[in-house]
Each structure stands twice: as C-alpha cells, then as structure tokens.
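Reading through the structure tokens given below for one structure.
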Amino acid sequence: MEKCEIVETHPEIVEAVNAQMPQEEILYDLAELFKVFGDSTRIKILYVLFESEMCVCDIAQILQMSQSAISHQLRVLKQNHLVKFRREGKSVLYSLSDDHVRRIINQGLEHVEE
C-alpha cells in the first residue's frame, strides 16, 4: 500500500471535505439502503416491477419462487421505501416507490457492465 513519505495534512482540504460530509445518521441510513440491494432476489423483484405493478402470485411465478419467499423480500423492500403497494379488491399490487429506484439499479448495472 502506498503512503506519504512525510506526515503532512492539508487543513483547507480537510475542512472543505468535512463541511460537505453528510451527518453520521444519514451515512448510516445510506449504508443500510445499499445493504438492501445486496440480495439478488430483491434485485430480481425490482427488475420485475420495472415492467408493471404485480401481485405476489405473479412475481413468485416469474421468479419461480414461493409466495412466502417473495412476501418476505417485498416486506424488506417496503420497509426501505423501495416498493409501495395498493389494494385492488382482494389483491395487493406492488410497484416501485418512485423513479429513484430504477435509476439506482440502472446506474449499478452500468457500473458493473463497464
């Protein structure tokens, strides 16, 4: 690992960076959000919801998983404000919370495809 040959700080740089650094609580929340994206099943569910709002049954069929497993992952996504739901009769339909979710996924995909 490369390191400086002398110990010298640059106070103006340190001060400027510290002034721009988000609060600790915000950084913690951001890290927690990225943890949610660390599960391939949740990523698949988000991709499915890119196309259309869907019920748990349809998502489970597309991903060839149990409804229970899909419901568990949807709960995590909902708790982190990445998906929302609405009731239509006896059905519960899930969709992306907003366009930020699509942009986060697309930027991540762009990065890994480089």
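Just so we're clear, the structure is a prediction, and the values are computed from it rather than from any experiment.
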Taking all non-hydrogen atoms of both residues into account, name the closest pair between Arg87 and Val92 and its distance.
NH1-CG2, 3.2 Å
Would you name the heavy atoms of Gln67 and Cys57 that are closest together and state the gap between them?
NE2-SG, 3.5 Å
Do Ile43 and Leu30 share a hydrophobic cluster (ILVMFWY, side-chain heavy atoms under 4.5 Å, transitive)?
yes
Do Val83 and Leu93 belong together in a cluster built from hydrophobic side chains that touch within less than 4.5 Å?
no
With rounding to the nearest 0.5 angstrom, report the [atom1] to [atom2] distance, [X] to [Y].
X: Met54; Y: Gln61; atom1: CE; atom2: CD; value: 10.5 Å
X: Ile45; Y: Leu74; atom1: CD1; atom2: CG; value: 4.5 Å
X: Met65; Y: Ser71; atom1: CE; atom2: OG; value: 10.5 Å
X: Leu46; Y: Ile105; atom1: CG; atom2: CD1; value: 5.0 Å
X: Ser95; Y: Phe50; atom1: OG; atom2: CZ; value: 12.5 Å
X: Glu113; Y: Asn106; atom1: CD; atom2: CG; value: 9.5 Å

Report yes if the side chains of [X] and [Y] come closer than 4.5 Å at any heavy-atom pair, otherwise no.
X: Asp99; Y: Arg102; value: yes
X: Leu49; Y: Val101; value: no
X: Leu109; Y: Val112; value: yes
X: Val76; Y: Leu82; value: no

[X] [atom1]: over 12 foreign heavy atoms closer than 6.0 Å:
X: Phe37; atom1: CZ; answer: yes
X: Glu25; atom1: CD; answer: no
X: Glu15; atom1: CD; answer: no

Step by step, would you call Val36 with Gln79 a side chain to side chain contact (heavy atoms under 4.5 Å, CB included)?
CA-CA 10 Å; Val36 175; Gln79 288 170 341; over 6 Å; no
Residues passing the salt bridge (Lys or Arg N to Asp or Glu O under 4.0 Å) test with Arg75, sequence neighbours excluded, are none
Partners meeting salt bridge (Lys or Arg N to Asp or Glu O under 4.0 Å) with Glu24 (sequence neighbours left out):
none
Residue pairs passing the side-chain hydrogen bond (donor to acceptor under 3.5 Å, both in side chains) test with at least one member in residues 40-60, sequence neighbours excluded, are Arg42-Gln73, Glu53-Arg86
